[in-house]
Trainee: 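Supplied in structure tokens, the structure appears directly below.
Every value quoted in this text rests on a predicted model; they were computed, and no experiment measured them. In what follows, chains are A, B, ... by sequence order, proteins preceding strands, each numbered from 1.
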2 protein chains.
Amino acid sequence: MTEKKELILETALKLFAEHGFDTTPTSQIAKEAGVSEGLIFRHFTNKEGLMDAILAMSEERMARHVKSIVALAEPLAKIHATIELPVKLFSEEREFWKLQFSLKWQKKYRGQSYRPSGYYLELVEVITDAFRQLGYAEPEKEVLLLVMLLDGLSNQLMQQPSEAFIEQTLSFLKSKYQQNKLKS
Amino acid sequence: MTEKKELILETALKLFAEHGFDTTPTSQIAKEAGVSEGLIFRHFTNKEGLMDAILAMSEERMARHVKSIVALAEPLAKIHATIELPVKLFSEEREFWKLQFSLKWQKKYRGQSYRPSGYYLELVEVITDAFRQLGYAEPEKEVLLLVMLLDGLSNQLMQQPSEAFIEQTLSFLKSKYQQNKLKS
DNA sequence: TAGTTTTGTAAGTGATTACTCACTTTTAGT
DNA sequence: ACTAAAAGTGAGTAATCACTTACAAAACTA
């Protein structure tokens, strides 16, 4: 990976997240990266290839996070770590995950490059088990509920809320999942 | 509203929901509507004007639903009706709401045409009150949680789940909000 | 029915776009 | 140092796009 190739990737990520894939011309990417437009196509074949390369980074990054959650011993700790996941993703690589989430709604990337990754499925399994261990009556449904909740949380995070809001929301969510709670 | 004008709106809605705003050429809209391309601009000035006209319909439709929820007497009934809202929206006008939700992620329509409508704010107020009446300790936070949950549910509904899945999920969600539950 | 407005069309137009190509420069292996 | 491959450039190009314009048909109004 040459320096300029990496620069193209970073710039494209930034611009795609900011303006969207379709509304970001390759000419602009080249210009802001300080690179000839032709180089983009030398390295990534076409515009979609550029997007695919960006998407490929997603798997790796998500893998790190999922691994660290799976490694936790306590089932409750796993659930709490999962709740924190969206916030962590957005604080680390805001542009990247913004793009990632917006893609879910685009037909082109549904079912193709953006299919649920293996790590996502692993996380679901692990959390299902965590709910089971905690004595929840319907662990599969609880996971679905948690997934929906985190989707919604990501939605909130898109709007750049304050640190205080995030803190508050997070602890409220966690308070919903505690040892001494009803598990009907 | 002439027949052809309405035809343009319907066709544009369908295509925008299917392929996205930026990736749907006005030429295709005209072609599928069986209308000359120029007529689109006669009626809606430009492509964005067409989108705005579609968006304008959103307020009216949402208004109907919110009004019927607000009219309910029991606070718990209000909450359950709110839970059912996304499913109702998607079953009635799938394409329309798909477009609506995908717009949230597009910079162009965040904060502009797609700002939280008055009806949304009214619903939030009403549901906050419902939670308060039910004795929940932090009604404002409960509403936020419910909003996130329904965002996530809408996400699920995008993937065209089975009737059985919807039924199951809905009743599970409702079971989380019941009179005899903990209200910490 | 004459006149005016509205609705509709077909054929453009200039700008923009993703992508190519012929070419030069840099890098790396021997 | 020689050479071949890889990295990089910049000037195209064909296609597509949103939008315009000149004009005709239809619908309303008097």
Trainee: Would you jot down, in residue-number order, the residues of residues 1-11 of chain A having a non-hydrogen atom under 4.0 Å from DNA chain D?
Mentor: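 Hits under 4.0 Å, by residue number: A:Thr2, A:Lys4.
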Trainee: Could you check whether B:Lys176 pairs with A:Glu142 (Lys NZ or Arg NE/NH1/NH2 to Asp/Glu carboxylate O, under 4.0 Å)?
Mentor: yes
Trainee: Just the endpoints, please: which first and last nucleotides of DNA chain C, 5' to 3', lie under 4.0 Å from a heavy atom of chain B?
Mentor: C:dT7 to C:dT9
Trainee: Quick one: list whatever passes side-chain hydrogen bond (donor to acceptor under 3.5 Å, both in side chains) with A:Asp129, sequence neighbours left out.
Mentor: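 A:Gln133.
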Trainee: To check you understand the geometry: which heavy-atom pair defines the closest contact between B:Leu7 and B:Thr11, and what is its length?
Mentor: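 Closest heavy-atom pair between B:Leu7 and B:Thr11: O-OG1, 2.7 Å.
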Trainee: Give every residue pair that meets the side-chain hydrogen bond (donor to acceptor under 3.5 Å, both in side chains) criterion with at least one member in residues 66-84 of chain A, sequence neighbours excluded.
Mentor: A:Glu84-A:Lys174
Trainee: Return the OG1 to CG distance between B:Thr26 and B:Leu39, rounded to the nearest 0.5 Å.
Mentor: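 That separation rounds to 12.0 Å.
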Trainee: Write down the atom of B:Ile8, the atom of B:Phe44, and the distance for their closest heavy-atom approach.
Mentor: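 Taking every non-hydrogen atom into account, CG2-CE1, 3.7 Å.
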Trainee: Within this structure, what is the NZ-CZ distance for the pair A:Lys47 and A:Phe21, rounded to the nearest 0.5 Å?
Mentor: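 Rounded to the nearest 0.5 Å, the NZ-CZ separation comes to 5.0 Å.
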Trainee: Taking 5' to 3' order, which nucleotide of DNA chain D is first and which is last to have an atom within less than 4.0 Å of a heavy atom in chain A?
Mentor: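 Extent of the interface on DNA chain D: D:dA7 to D:dG10.
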Trainee: On the 0 to 90° scale, with breaks at 30° and 60°, tag the B:Phe131-B:Tyr177 ring pair as parallel, tilted or perpendicular.
Mentor: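 Geometry flag for B:Tyr177 against B:Phe131: tilted rings.
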Trainee: What closest approach, in Å, do A:Ala30 and A:Glu37 show between heavy atoms, and which atom pair accounts for it?
Mentor: CB-CA, 3.6 Å
Trainee: Could you go through residues 87-96 of chain A and list every donor-acceptor pair under 3.5 Å that involves a side-chain atom there, pairing it with any protein atom two or more places apart or in another chain?
Mentor:
residue : atom : partner  : partner atom : Å
A:Ser91 : OG   : A:Val87  : O            : 3.3
A:Ser91 : OG   : A:Lys88  : O            : 3.1
A:Glu92 : OE1  : A:His65  : NE2          : 3.3
A:Glu93 : OE1  : A:Arg61  : NH1          : 2.8
A:Glu93 : OE2  : A:Arg61  : NH1          : 3.0
A:Arg94 : NH2  : A:Leu157 : O            : 2.5
A:Arg94 : NH2  : A:Met158 : O            : 3.4

Trainee: Would you mind telling me which residue lines up with the more 5' stretch of DNA chain C, B:His43 or A:Ser27, judged by nearest nucleotide?
Mentor: B:His43
